Structure formats: C-alpha cells, structure tokens
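Report on the following structure.
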Amino acid sequence: MVSRVIPVEAFDLVIFGATGDLAQRKILPGLFRRFVAGQMPDDARIIGSARTRMEAGEFRDQVRAAIAAHDGPRIDHPQLDAFLQLLDYVPLDAGAPDGWADLRGRLRPDVVRAVYFSVAPSLFATLVQGMSEQGLADADTRIVVEKPFGHDLASARALNEMLSQHFSEAQIYRIDHYLGKETVQNLMAVRFANILLEPLWNAHYVDHVQITVAETVGVAGRGGYYDDAGAMRDMVQNHLMQLLCLIAMEPPVRFDPDAVRDEKLKVLRALAPVAPDDIVRGQYRGAGAIAGYAEDVDNPDSRTESFVALKVRLVNWRWQGTPFYLRTGKRLRARASEIAIVFRMPPHSIFDTPELPRANELVIRLQPDEGMDLKMMIKEPGPGGMRLVPVALDMSFAEALGEDGVDLPDAYERLIMDVIRGNQTLFMRGDEVEAAWAWTDPVVDAWAAGTARPEPYDPGSAGPDAATQLMQRDGRRWRDMRN
Ligand code: BG6
C-alpha cells in the first residue's frame, strides 16, 4: 500500500532554539524527512533562530551534520542540498532588541506563519513579548509550545494567561509528542471506526487497563531538569494521561479538534484523587559500570522518582469499578510502551480441561514495532481431545500495510505538518493541561511535604517490588516487560 502524502501549503516556520537538542535531533531531521516524502512545497522556508551568532551557511552545515547524526544514511540523499536551501538563520537574543527587525524582514506575508518555541520555558514570556512588540504576534501566527507546560497548576495557568494575552486558543499548539505517534491515533481509529469493540469497552467487560511506558535509558545529560520534575511530572501528567484519555473517552461527535478535546477533558475531570496506597515511587540504583540515579543527577540526597506506578480510578458511568494501572520509568528492562485492555473472564467455563480459559487481552503496542495483539483462547490444534491454548492474533501495522511496510512518520514530523495545516486535534488545549495538573499536584505536593524516599530498584529490572505488589494485592499482575 502506498501511503498518501498530502502536500501542505507554503509556510514560514521560525524555530526559536534552533541550535538546541530537540531542534537538531527531532525537528530539523523530521522536516527533512517530510521534504523527501514530498509533503513540503519548494517555497517553504525554515528560519532557525538562537543566540549564537552565525551565518545561514554555518547553520546549514550544522543541520547537515545533525541529519547525518540522527537520520543515518539519508545524509547522501540527493534532496539534502535542496532541503538545506530552504533554511535561513537569524541570531536573536530573546531579551535584547537586536535581531527582531531582521527576523521580521525575512517573513513573507500571505503564507502560513508558525513559530516554534523549542526553548527553555523560562524564555517563553520574553520571546512572546518580543514578538508582540515587533508586530509578529498577529492573528495569523501559530505558535508551537513544547513541554514542560508549567511545573504545576499555578504555573501552567500563568503560562496560559500570558499566552492568551497575545494569541487566541486557536493559534496555540501545545505539543505532547505522544499524540503524534502512529498507534496513538490508531487507537481512535480502532475504537471509533469499528463496531466490534465498543459494546465491550466498559466496566462490564473490561477488568482493568494497564499502561506501561518503559525506557532503558537513564537521565544522565538532563539531570538538572529531570531532578526537578521526576517521572510524575515528566511522563504521567502529560503522556500517560493523554493515553488514558484516548482509551477512556466517550466517542466524540466528530473527529475535530474541539470535539475530541472536549471528551478528553471530561476524562481528566473524572479522575479520582490517587490514594497514597495506590502509588509507588522508585529510583534506580547503580550496578557495576551503570551509575545510579543520584549520581546521574549529581544530587546524593535526591528524593525524585525515576519510576512511578499507580492505580487510577475514573468516577464516571462507563468505568466505575475498572482500575487503570499506569507505570513508567527509566533504566528498566526494556524500551516498551503499550496499553493492555484486559477483559473479564468468561462467566462460566464449559470445558473440562486442565487449561482454564484466560482473560482476553487487547494489547496496543506504541513502541517498538507498533501494532496490536488480540489474545484469545483457541483449541490446541491436532489430536488429543479438547485442550485450550491462548494465542495472539498479531497485527504489526508496518507489515499489515504493505509488502515492505510503510515508513511511519515520527511523531514530530506529523505534528509539525498538522501545525502548518492548522489542525489542532493532536494538540493539548489549555484547559486539558490545567485539568491534568490539578490531578497531579496533590500527589507531588504530598511527596514534597513528607520525608519518605522512593524505593530503590535495580537497573534492568521491571521497577521496585512494591510495583508488583500494587497489582498482586488486587489479584492481578503486570504484563511482562519486554521488547
Ligand atoms: C519526553 C520525556 O517527553 O519523552 C523524556 O521528557 C522521555 O524523559 C521521552 O524519555 C520519551 O519519549 P519516546 O517517544 O522516546 O517514548
């Protein structure tokens, strides 16, 4: 199957923080891939901006090197030079007056204009102020804001208020890159383009839901940020909450930005406060050559969690009595992200076999190998009478979609193209972000007020034992964590 690429219209994209890690690792290589895919017009323009003084030529060399480092063999791609020609560069110090006039002079009227804030949140206000003074915060400009979107409810509100003084909600694209992942969108297609699952998608038939986002990497290199955030703020408040919303939400009336986001907001508002017994914090220790968390963040007394597991309840009609178990952490056994919908057992087994029926599971894999498994019981093939065996009906999206599979765009590529198209469906609305913080704040505040420390866990494990017990005490178990 040939994937259909719908070209976007001409645009000027300004990237503040263009020499930074995110821009060089994700945004610019991602734009190159969209260019190669034929999605970007030849008159698109990407204007990098950062404090470093350099010419556009030097910036292009930097981007060429970044693409080589992050996009492998594509460095030899015949279209690379043509892509680099779309790039321009304007040095700009957020707080200083120089550079703004130059930037304004390079922007064209009558094309889509988007400004990407790939900078530390502490610079947002100064940059927005600068844009406003230069007449760049007009009604047609779209702005893209990276996480972290605030540190708690109060700071997220302040940020929303500051942005709303200059831009309408329709101009603000708050990125949660999990929403750009192929499987995450597929979740909506599977739920709302099929009749099969909907009758079962509720507390009558779903025993529980497990959401796991496990990483093998540690936090070395970004310890300053991470030690202040921890897994709860870095992953749960945004990525895991967004996944939970898409699983739990009611069918939106249409697939349009506000209809989808209204339904997600209702889920966030239905979250019950988390009981202290329903949450486990962990921190990885060192082992052999692998440094422990405290060493990685250079803070021997750190009480910040690099792992968290929690049982979440939704107080609404559909999910009353079906818990959602969430876990995420660094330095775990596998890089594996998945959502498992674990159904209830059949009410009665008619089979007199040693192998009892097991619960059906729908497993949605986000990474690696995006796809879905449906676990069902069947008869074990061959002679020997009726014996039951669980099998997985496995669908890998890449395999299912073509002989050689399709090249699924990275989350950032897709989201940036959505900004140019003006489609906000996969971006967080201000009230969603605030509702997620309102639920997160009491948890992190209670940790900060107490003296307890996170439970240590071994690198390469599935997290602290207490996380296993969190499910065992309910007579349930986590799925194995593996690639
Ligand atoms: C980021 C977090 O938002 O998501 C990181 O700040 C985390 O700590 C990353 O590693 C995970 O993203 P992905 O796409 O690799 O699962």
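In this text the structure is predicted, and so the values were computed from the model without any measurement. Both ligands and their constituent atoms are indexed starting at 1 by order of listing.
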When the ring planes of Phe117 and Phe124 are compared, do they come out parallel, tilted or perpendicular, using 30° and 60° as the limits? perpendicular

Are the side chain of Arg414 and the backbone N or O of Gly180 linked by a donor-acceptor pair below 3.5 Å? yes

Arg333 CZ: over 12 foreign heavy atoms closer than 6.0 Å: yes

Student check: side-chain heavy atoms of Phe32 and Val36 closer than 4.5 Å: yes

Could you name the protein residues that come within less than 4.0 Å of ligand 1, counting only heavy atoms, and order them by chain and residue number? Lys147, His177, Tyr178, Lys181, Glu215, Arg222, Asp234, Met235, His239, Lys330, Arg335, Gln367

Just checking Tyr457 against Phe307, ring centres under 6.0 Å apart? yes

Using a strict cut-off of less than 4.0 Å between a Lys/Arg side-chain nitrogen and an Asp/Glu carboxylate oxygen, indicate whether Lys266 and Glu263 qualify as a salt bridge. yes

